[in-house]
Amino acid sequence: MERLTIQIPEKKSKLIKSLLKELGATIEPDILKLTKEFDSRGKTDEIPTMDEIVAEIRAYRAGK
């Protein structure tokens with residue numbers, strides 16, 4: 001299986017993702033966006049615990 005990374009405009013994201021899923025593609029979460037959200041926590045001086053990282057990932061995947 002090949003891995004392909006594409007950037008989709010926000011306005012077309014849902015449409016493109018649904019079409020790709022219908023064609024059998026696997027959509028992985030946008031790691032860069034997840035990283036930016038995690039960094040925007042405002043805690044730059046602390047190293048997060050594994051529990052915090054897991055909680056942030058679950059919240060992101062849940063669409064929060």
Mind checking whether Leu23 and Leu4 sit in one hydrophobic cluster, side chains of I, L, V, M, F, W, Y counted as touching below 4.5 Å? no

Report the distance from atom CD1 of Ile53 to atom CZ of Arg58, rounding to the nearest 0.5 Å. 12.5 Å

Given 3.5 Å as the limit, does a donor-acceptor pair link the side chain of Ser13 with the main chain of Pro9, or not? no

Residues that Ile16 engages under side chain to side chain contact (heavy atoms under 4.5 Å, CB included), provided they are two or more places apart: Ile8, Lys12, Leu20

So does Thr49 get a backbone contact from the side chain of Glu52, meaning a donor-acceptor N/O pair under 3.5 Å? yes

